[in-house]
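Lettering of chains follows the sequences in order, A, B, ..., and the numbering in each one begins at 1.
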Amino acid sequence: MPFLEMRDVHKRFGGVVALDGASLSAEPGELHALLGANGSGKSTLNKTLTGVVAADRAEVLLDGQPVTLRGPREAQARGISAVYQELSLVPDLSVEDNVALGVEPARFGFVDRREQRRTVRGVVERFGSAFEGRLPLDTPVAGLPPGEQQIVEICKAVARDPRILVLDEATASLHEAQVRALFEALRDLKDRGVLVIFTSHRLEEVFELCDRATVLRSGATVGTVELAAADQAEVVRMMLGRSIDRIERDRTEAPEARRVVLEVRGLITDRLRDVSFTVETGEVLGVAGLQGQGQDELLEALFGAARISSGEVRLDGKPIHPRSPRQAVRERIALIPGERAREGLFSRRPILENLTLASVGRRALPGGLLRGARERRAAGDAVRRLQIKLGRLLDPVLTLSGGNQQKVVVGRWLLTEPRVILMDDPTKGIDVGAKEELYSSMRRLADEGVAIVFHSSENLELVRLCGRVLVLFEGRVVQVLEGDQVTEDRLLEASVGVDQVPG
Amino acid sequence: MTDEAAAPSAPSSPVRTAGRWLADHPAAVAGIIAVAMFAAGELLRPGFAGYGQILNVLRVAAFLGIVAAGQTLVILSGGEGVDLSVGKVATLSAIIAARTIDGGNDLMLPGLALALGACALIGLINGLGIAFLRIPPLVMTLGMIAVVQGVILIYTGGQPAGRAAPLMTDLVSGRTVFRIPGILWIWAVVAVGMVVLLRRTAFGWRVHALGTNRLASGLSGINVRRNVVAVYTLSSVLAGLGGFLLLGYTKTVFLNLADGYMLPSVAAVVIGGTTLAGGVGGYPGTVVGAIVLTVLESLLRTMQLDEAARQIVNGIVLILLLSAYGRQARLRQ
């Protein structure tokens, strides 16, 4: 009899079926991956287990006993802890207080600080190498870099001594060393008999860490595989229900009629040091580098969202001075921001408005009057071009899966008919299938003559899509790779400063 | 969960479907509450829900509804938006109008223009302070109450003078077809204008966007500050219009004529289903909200409670109503 068994889980949100008979079965002391394309129901299944989402119908058995999970507290009481990409930390409290929050050791109703420190230190020490310098037990969480905050969130879950630990895209903001530390700690938990349910869009991580994987597609379970005996292509095929070629290069070939659209010379901002480059029509220019080397600031500066201290930006040969996003929009520059929920989505508004907002002014009659049919047609156009899967245009955008939400953000900009699109890691947190669709949209846009500046934290994407890649290191362009030079190896070398020959 | 013998797809009994629909349409819930209160009043005292009485309730609700129109915009636009100065601004509007017009029909339009101009200026200052100096709306508009009060005292010397033009009184209180007082037609025009503004203009869509996510609004090329300034300016102008019309009803002014609309205007918006966090809601809800508040007041009078008891019951009912609206339809996380 399996330790955890979920059977026949059904859930729908409005018109969208999220889970349609999904199942999962796992043992204690197992590292179990949950895999699936965008909108396949991974998150919903996770949240059903952690009590955050109430299934329409489900059978959940723990140790063979049927259980009903009516909320996160009830799930926690049964030993189920969860970590999501979104953090639940109190920014002003110290790391120690955050980890202990809700499970403070108490004596006569007072928090026993010494005991608390001892237990929290025990947990955080397991992740010691994930922190720079000493353990930051007394540092307010707000003062830590995002990756370390994520580790603190994981510590918080581990401090609850769970029997089941659910990690849903918990590695998205971690750098390499932190992922190592996390994996070590997870293997340790496994040895203590904890069941870890692990979701990540980075397939390599899953193969490296996990024992078995349950694959979901369209809300139903396709199968469970022993990862040691499977290869990545096979698992991807299960997720997609079709095969994809491993690395096909989607770069657009240089047509003769190319001309320079965007020209940047000597750009200096708080974090950029003398950055110069050009982008041509129909080009996808890559921006690479380790996390936080100024990539996002480069895009924001071009979009008027970060202050430029000096330097020149020319659009079609004409100097521009991007001082606000509004000006950038008027110059037909678009930015797909890196943090979708915080910077891109109007979560409670309908899909329709999310799609049309940036371009609504140009379709309006004098006085700002809108014509409903025209707005719907514009939105429908974007939905078709990006193959957005939705129930109705008037549903809140939050009812969509992550990948489709991202497509809505892209669609908003398509409707402004941009000359330059700046993309800040647009595939972060979305999975293979949605990524593929986004890539082909990018290629099509480039073919239509749009210039794209594409920052990605996944080098493989840059290899696939870009004929030319700028590599940033501490705010400088340390190398420009072109054509056949653009390989994962070369990108990595350049990112860490190996082979520093100026491009 | 055990093996339920539920239907294969989503279970949807008519009752649950209706429940879900109501959760998504709080204005409809408010409407049902209003009708229920009319019915309760009719049982307590026959005639409460008579035609004349309903017209009377609507007429009283109209002034609140017009003052709360601007409040709807402000709350929708988010950023902890609230305009506590609407009551005082409405009072100022009435005072300026009364003194300028002083019973002369030909001075009605200049009086209206002067009053609304003064209100627009106050709203503009509110908006500039909130958008550019980043003063929290609660603080800015609360402070503005004191400023406007001072302006009123200087302007009137403590003794408000003048009166409404007869034409104003005709427009507001004059009976038209089916004995409908003019103010209801004016309210209808305001309501249609508000709905068009919010649903059918680029400005309206931007206000909703601002209320949901200011950062994303800015990054989508929306001029956040200009729109926030416009929202607060409009709020004051609509409050001023409410004060002007109220003058047509009362014919003379007092120093605190419309001050009492401050909190009911917020309550009407929230009862109408506009979320205090911003981004979701609309004016039809506020119309119903204003009616609910007015019927409630009238119902409590009918029950012949004394003033103190009436206030307590009024407060409790408000808390119950407002807290019921804190519950949002659940969405995918």
Side-chain angles (χ1 to χ4, degrees), chain A residues 8 10 12-14 16-18 43-44 47 52-60 66-68 84 86 303 305 324-330 335 337 341-349 353-354 356-358 360-361 363-364 367-372 375 396 398-401 409 412-413 416, chain B residues 1-12 16-17 20-21 23-24 76 78 193 195-227 230 273-275 277-282 328-333:
Chain A
D8 206 22
H10 290 264
R12 67 162 62 220
F13 295 96
V16 179
V17 177
S43 278
T44 310
K47 286 180 173 164
V52 175
V53 164
D56 296 331
R57 188 148 61 95
E59 248 181 281
V60 180
V67 293
T68 317
Y84 304 104
E86 309 86 47
F303 193 62
S324 71
R326 203 160 45 88
Q327 281 182 356
V329 173
R330 217 176 292 148
L335 173 73
R342 208 170 68 86
E343 302 173 332
L345 284 181
F346 304 104
S347 51
R348 283 168 283 160
R349 299 308 304 167
E353 287 173 30
N354 271 276
T356 56
L357 254 167
V360 78
R363 285 183 301 273
L369 275 182
L370 303 178
R371 285 157 290 186
E375 295 304 312
L398 222 62
T399 57
L400 298 180
S401 64
V409 176
R412 182 187 309 153
W413 289 109
T416 66
Chain B
M1 282 174 214
T2 50
D3 47 334
E4 287 177 49
S9 61
S12 56
R16 272 183 76 175
T17 313
R20 216 171 282 165
W21 187 86
D24 286 343
L76 263 183
V195 170
V196 169
L197 183 72
L198 282 171
R199 297 257 174 85
R200 283 278 175 264
T201 69
F203 173 73
W205 287 26
R206 287 176 188 142
V207 167
H208 285 106
L210 285 180
T212 324
N213 191 339
R214 288 246 162 131
L215 183 61
S217 303
L219 289 175
S220 298
I222 296 174
N223 189 335
V224 174
R225 286 171 168 174
R226 192 170 68 192
N227 282 291
T274 299
T275 52
V280 177
Q328 282 280 307
R330 264 220 209 162
L331 293 172
R332 185 185 192 132
Q333 309 276 319

Nearest heavy atoms of A:Pro325 and B:Gly218, plus distance in Å:
CB-O, 3.2 Å

Interchain contact, A:Thr356 with chain B, by part (heavy-atom threshold 4.5 Å):
side chain

Kindly give the heavy-atom pair with the smallest separation between A:Phe346 and B:Asn213, and that separation in Å.
CE2-O, 3.5 Å

Measure distances from B:Val196 to the heavy atoms of chain A and classify the residue's part below 4.5 Å as side chain, backbone, both or neither.
side chain

Counting only non-hydrogen atoms closer than 4.5 Å, does A:Ala328 touch chain B with its backbone (N, CA, C, O), its side chain (CB onward), both, or neither?
neither

Please look at A:Phe303 and chain B and tell me whether the side chain, the backbone, both or neither of the residue comes under 4.5 angstrom of a heavy atom of that chain.
side chain

Nearest heavy-atom neighbours spanning B:Thr212 and A:Ser347
CG2-N, 3.6 Å

Compare every heavy atom of B:Ser220 with every heavy atom of A:Arg412, then report the nearest pair and how far apart it is.
NH1-OG, 3.0 Å

Heaviest contributor of heavy-atom pairs below 4.5 Å to chain B, chosen from A:Gln327, A:Arg371, A:Glu375, is A:Glu375

May I ask you to test the A:Val329-B:Ile222 pair for a side-chain heavy-atom distance under 4.5 Å?
no

What part of A:Arg363 is in contact with chain B, defined as an atom under 4.5 angstrom from a non-hydrogen atom: side chain, backbone, both or neither?
neither

So, for A:Val360 and B:Arg206, which heavy atoms are closest and what is the spacing to 0.1 Å?
CG1-NH2, 3.9 Å

Roughly how far apart are B:Phe203 CZ and A:Leu370 CG, rounded to 0.5 Å?
12.5 Å

Is the side chain of A:Arg349 donor-acceptor paired with the backbone N or O of B:Gly211 at a distance under 3.5 Å, no angle test?
no

Would you say that more than 12 heavy atoms from the other residues, nucleotides or ligands in this model lie under 6.0 Å from the CZ of B:Arg214, or not?
yes

Could you tell me which non-hydrogen atom of A:Trp413 sits nearest to which non-hydrogen atom of B:Leu219, and how far apart they are?
CZ2-O, 3.1 Å

